[in-house]
Amino acid sequence: MLDSRKVLADLDAIKAAMARRRGDVDLDAISDLAGRRRDLIVSTEDARHRQKRMGQGLAKAAREGGDYAATLRAELKDLSEQVKEGASSLSQVEAELETLLLSLPNIPYEDVPDGAGPEENPEVSRWGEKPSFDFEPKAHWDLGPELGILDFERGARLAGARFTVLMDGGARLERALGAFMLDLAVGSGYREVATPLLVNRDSMTGTGQLPKFEDDAFKVEGQDLFLIPTAEVPLTNLHRGELIEETDLPFRYCASTACFRAEAGGYGTDTRGLIRQHQFQKVELVEIVRPEDSSEALLKLLDNACEVLRRLDLHYRVVELCTGDLGFAAARTFDIEVWLPGQNAYREISSCSDFSDYQARRMKMRYRPANGAKPRLVHTLNGSALALGRTLVAVLEQHQRPDGSVVVPEALRPYMGGRQVLEPVAGAGRETS
RNA sequence: GGAGAGAUGGCCGAGUGGACGAAGGCGCCUGACUCGAAAUCAGGUGUACCCUUUAGGGUACCGUGGGUUCGAAUCCCACUCUCUCCGCCA
């Protein structure tokens, strides 16, 4: 959420920022409502003030007895009606204003590159080299079943499209990746957290998933609970509503959780394989920092995420999202894209964002400066390190060999019981029946 | 699921209809004392919003939402959460 006072103070600047996002928002309605809100506050507070003073007079008059008290009581009854009316229109206007403000996306930092969409995201760095194959590299949706570790058909049988069953080396590999990433994060100073996978509406609103993107989330029928689309939601909301001591900052958390996404509107894309699932595992990093620290923190967080890929010997590049591609709540985002030879493309494997004070304002998360000054909003950041499914895909596709086997990256072997290679299973790949 | 108890400021804790933003204590800040510190003494110490802005004034907030009343931390209703006991259960 944006600071309504800043929005109103400089409507044109906000309009320009929204135009940079290629978004379309109704700011005039906001300034309109804000004006009505102010008028209502002035009139109801004045009425309430008089009501308070006269009420004290009544108490005295009542003690002394006499007709005066009765007259005063009647007068006050009218005034009371006035106050109630004013208060109810005020809360209505404030609710409308709140809804509008909650639907405004964050303002990108000024130095975020301008652009209309993904194709205009500038590449900022690249690590390693595209592996070269003297054979035709396979896609993971062929490799996985041949190795007997990915079963798309049974996934569909159990739950439907976009669900997959991992077996044997696949299940083990996913577990290994999660443990490896978590250990790496903890080693970098993140505290490991196990969170609820279901969260309430306030939590989803705090990080920005609601109210605008309710269709993207899975909701528990009959209850106001949502399956988390990412551990960003529980981790960031850990401190919702708190007044934090400056000396306690920064908070740095990591968690490995399942994530659930309805993928509404994504029907045509990535229908094959593990890339786009309704349920996937992800290791998430979340940081809560002082405002002046967030830009540097983002670079470090990004590097922490990249380190995972380097340790796994996976070629990747980093792009910065241009204004037109930036997520709703983000002020700046770097995507890490891993090379997938089976698809001859770089695909997003992590998204690291600085949300400035946008989420903090939504969830009223502030800190008290050590010098005793007024509370200030914190800045929040998060990034995946990494999405386990997509990492598994990258390992299969980048480390595959001509015979269909896959080399387990060195860093993962301790987590795989020393296993060095995943071998194809005879007759596997089409035996589902 | 059944029975009961509770939710008050940074923390503990008093408060059963008007002078309560809220006693008292702790913590914290400032001053005095001290070479310095501790102890002691004195004063101060919430958040948000609105008006006016050197300064100030006002309103709201006692788990959440409703209700009664001229007036609610205080009375009524619903909900949420916490604790205790019983049942059930991974």
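Residue numbers start from 1 in every chain, and the chains themselves are labelled A, B, ... in the order their sequence lines are given, proteins ahead of strands.
- A heavy-atom distance below 4.0 Å to RNA chain B is reached by none of the residues of residues 194-202 of chain A.
- Remark: Arg38(A) is not in phosphate contact with C49(B), judged by side-chain N or O atoms under 4.0 Å from OP1 or OP2.
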Could you run down nucleotides 60-77 of chain B 5' to 3' and tag each one B, S or - for protein heavy-atom contact under 4.0 Å? S--------BBS------
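- Among the candidates Ser350(A), Ser384(A), Ser351(A), Ser353(A), the single residue satisfying the side-chain hydrogen bond (donor to acceptor under 3.5 Å, both in side chains) test with Asp335(A) is Ser351(A).
- Heavy atoms of Arg5(A) sit under 4.0 angstrom from primed sugar atoms or phosphate atoms, though from no base atom.
- Using the Watson-Crick or G-U wobble rule with both distances under 3.5 Å, C75(B) pairs with G67(B).
- When the side chain to side chain contact (heavy atoms under 4.5 Å, CB included) test is applied to Thr323(A), the partners found at least two apart in sequence or on another chain are Arg20(A), Arg22(A), Pro108(A), Val112(A), Asp114(A).
- Between the side chains of Ser203(A) and Arg240(A), at least one donor N or O lies within less than 3.5 Å of an accepting N or O.
- Sorted by first and then second residue, the ring pair (Phe, Tyr, Trp, His ring centres under 6.0 Å) pairs involving residues 197-229 of chain A (not counting sequence neighbours) are Phe213(A)-Phe328(A), Phe218(A)-His278(A).
- Taking the C1' atoms as reference points, G46(B) lies 13 Å from C28(B), given to the whole Å.
- The side chain of His49(A) contributes no N or O atom lying less than 4.0 Å from OP1 or OP2 of G58(B).
- A search for salt bridge (charged side-chain N to carboxylate O under 4.0 Å, His left out) contacts involving Glu348(A) returns nothing, not counting sequence neighbours.
- Looking at residues two or more places apart in sequence or on another chain, you find a side chain to side chain contact (heavy atoms under 4.5 Å, CB included) between Glu296(A) and Lys300(A).
- Between His239(A) and Tyr253(A), the distance from one ring center to the other falls under 6.0 angstrom.
- Backbone-only engagement by Arg37(A) is indicated by non-hydrogen atom pairs under 4.0 Å involving sugar-phosphate atoms exclusively.
- Tested against Glu246(A), the residues Arg290(A), Arg366(A), Arg376(A) include a single salt bridge (charged side-chain N to carboxylate O under 4.0 Å, His left out) partner, Arg290(A).
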